[in-house]
Amino acid sequence: CGDPISGQMACYPLDEGCPVYCPGEYTCHQPPSCDTCHDASNWCSPAPCPLQCSYNEIMCQDPSDTSGQMSCFPKTSGCPVDCSGDFAYTCQSPPMCHECESHNWCSVDPCPPACTYTEVSCHNPISGNMACYPKSDGCPVDCPGENVCHEPAHCDGCE
């Protein structure tokens, strides 16, 4: 990058982008779009810079902020929700993939099991409750007096 003040070529961290010189303006920054991406950028703006979340964050309205401003929250946590009144439970679905985001919601009923993307939600034949089990193992079965068989997945990427 060219140094904005001296004009000399210089090296800067890839996650910071090339610097800009913005006399009388705002200096804005866009973080990289992924962990290994080298697309961070900087620019000048006469108006305040827009909110820019990092690749591992999600832009949400914060229910605790009465101004209505957007904020960045970790994708693994998801957007916060305000469960009040008849909604006694704050539930969360965890991310369904490495780069995915969690989802939160309010419920009048107890929350279902929150299985990860490597798990499957199954009815436990002994307890009668829903629970999370590794996808590679599959759902448990109770077969009194019979053999229990397990057939693993037959394709690459299948769990």
Side-chain angles (χ1 to χ4, degrees), residues 1-124 127-139 157-159:
C1 300
D3 184 279
I5 297 174
S6 71
Q8 299 292 316
M9 293 302 286
C11 296
Y12 296 94
L14 292 170
D15 62 344
E16 292 179 14
C18 294
V20 293
Y21 179 61
C22 305
E25 291 189 319
Y26 295 91
T27 302
C28 302
H29 175 72
Q30 170 67 51
S33 59
C34 72
D35 188 32
T36 58
C37 295
H38 307 297
D39 57 352
S41 62
N42 299 296
W43 72 95
C44 300
S45 174
C49 300
L51 177 64
Q52 301 288 328
C53 298
S54 71
Y55 66 88
N56 58 359
E57 294 177 315
I58 182 172
M59 190 180 303
C60 310
Q61 189 163 5
D62 185 347
S64 66
D65 182 355
T66 57
S67 71
Q69 294 291 318
M70 300 297 276
S71 298
C72 296
F73 293 90
K75 282 184 178 181
T76 54
S77 300
C79 291
V81 293
D82 180 16
C83 300
S84 54
D86 293 337
F87 296 100
Y89 301 95
T90 301
C91 303
Q92 182 184 61
S93 293
M96 296 311 294
C97 70
H98 177 68
E99 302 269 331
C100 296
E101 59 198 50
S102 290
H103 295 280
N104 300 306
W105 76 95
C106 301
S107 177
V108 295
D109 298 315
C111 302
C115 302
T116 68
Y117 63 93
T118 62
E119 298 175 316
V120 61
S121 179
C122 303
H123 179 264
N124 183 310
S127 71
N129 297 324
M130 295 299 288
C132 299
Y133 297 91
K135 283 183 179 178
S136 58
D137 294 345
C139 292
C158 294
E159 297 179 29

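Scanning all heavy atoms of the two residues, the minimum distance from Met130 to Pro113 falls at O-CG, 3.4 Å. Annotation for Tyr133 and Cys122: closest pair CD1-CB, 3.7 Å, computed over non-hydrogen atoms. Smallest separation of non-hydrogen atoms from Cys139 and Val120: SG-CG1, 4.2 Å. Heavy atoms only, all atoms of each residue included: Asp65 and Ser67 are closest at OD1-OG, 2.7 Å. When all heavy atoms of Pro31 and Cys53 are compared, the closest pair comes out as CG-O, 3.6 Å. The nearest pair of heavy atoms linking His29 to Glu16 is CE1-O, 3.3 Å.
Disulfide check for Cys28/Cys44 fails, with the SG atoms at least 2.5 Å apart. Cys pair Cys83/Cys106: SG-SG separation is below 2.5 Å.
Cys100 has its side chain out of reach of Tyr117: every pair of non-hydrogen atoms, C-beta onward, lies at least 4.5 Å apart. Leu51 places a side-chain heavy atom less than 4.5 Å from the side chain of Cys72. In this structure, Ser93 and Trp105 have side chains that are in contact, with non-hydrogen atoms separated by less than 4.5 Å. The closest side-chain heavy-atom distance from Ile58 to Cys79 is below 4.5 Å. Under the 4.5 Å side-chain criterion, counting only non-hydrogen atoms from C-beta, Pro46 is in contact with Glu25. Taking the side chain as every heavy atom from C-beta outward, Lys135 and Thr118 never approach each other to under 4.5 Å.
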> Under the disulfide bond (SG atoms under 2.5 Å apart) criterion, do Cys11 and Cys1 qualify, and how do the steps go?
Replying inline: CA-CA 6 Å; Cys11 296; Cys1 300; over 6 Å; no
>> Between Val20 and Trp43, does the side chain to side chain contact (heavy atoms under 4.5 Å, CB included) criterion hold? Intermediate values first, please.
In response: CA-CA 6 Å; Val20 293; Trp43 72 95; 5.6 Å; no
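For the atom pair His38 NE2 and Cys34 SG, the distance stands at 8.0 Å (nearest 0.5 Å). Between atom CG of residue Asp82 and atom CG of residue Asn104 there is a gap of 12.0 Å, rounded to the nearest 0.5 Å. Met59 contributes atom CE, which lies 11.5 Å from atom NZ of Lys75 (distance to the nearest 0.5 angstrom). We find the CG-OG1 distance between Asn56 and Thr76 to be 8.0 Å, quoted to the nearest 0.5 Å. In this structure, CG on Asp15 lies 12.0 Å from OG1 on Thr36, to the nearest 0.5 angstrom.
The side chain to side chain contact (heavy atoms under 4.5 Å, CB included) test with Cys60 is passed by exactly one of Ser77, Pro80, Ser71: Pro80.
Scored by the side chain to side chain donor-acceptor pair (under 3.5 Å) test, Ser84 finds no partners at all (sequence neighbours excluded).
Looking only at atom types and distance, the side chain of Asp109 has no donor-acceptor partner in the side chain of Tyr89 under 3.5 Å away.
Heavy-atom contacts from other residues, nucleotides or ligands closer than 6.0 Å to OH of Tyr21 number 12 or fewer.
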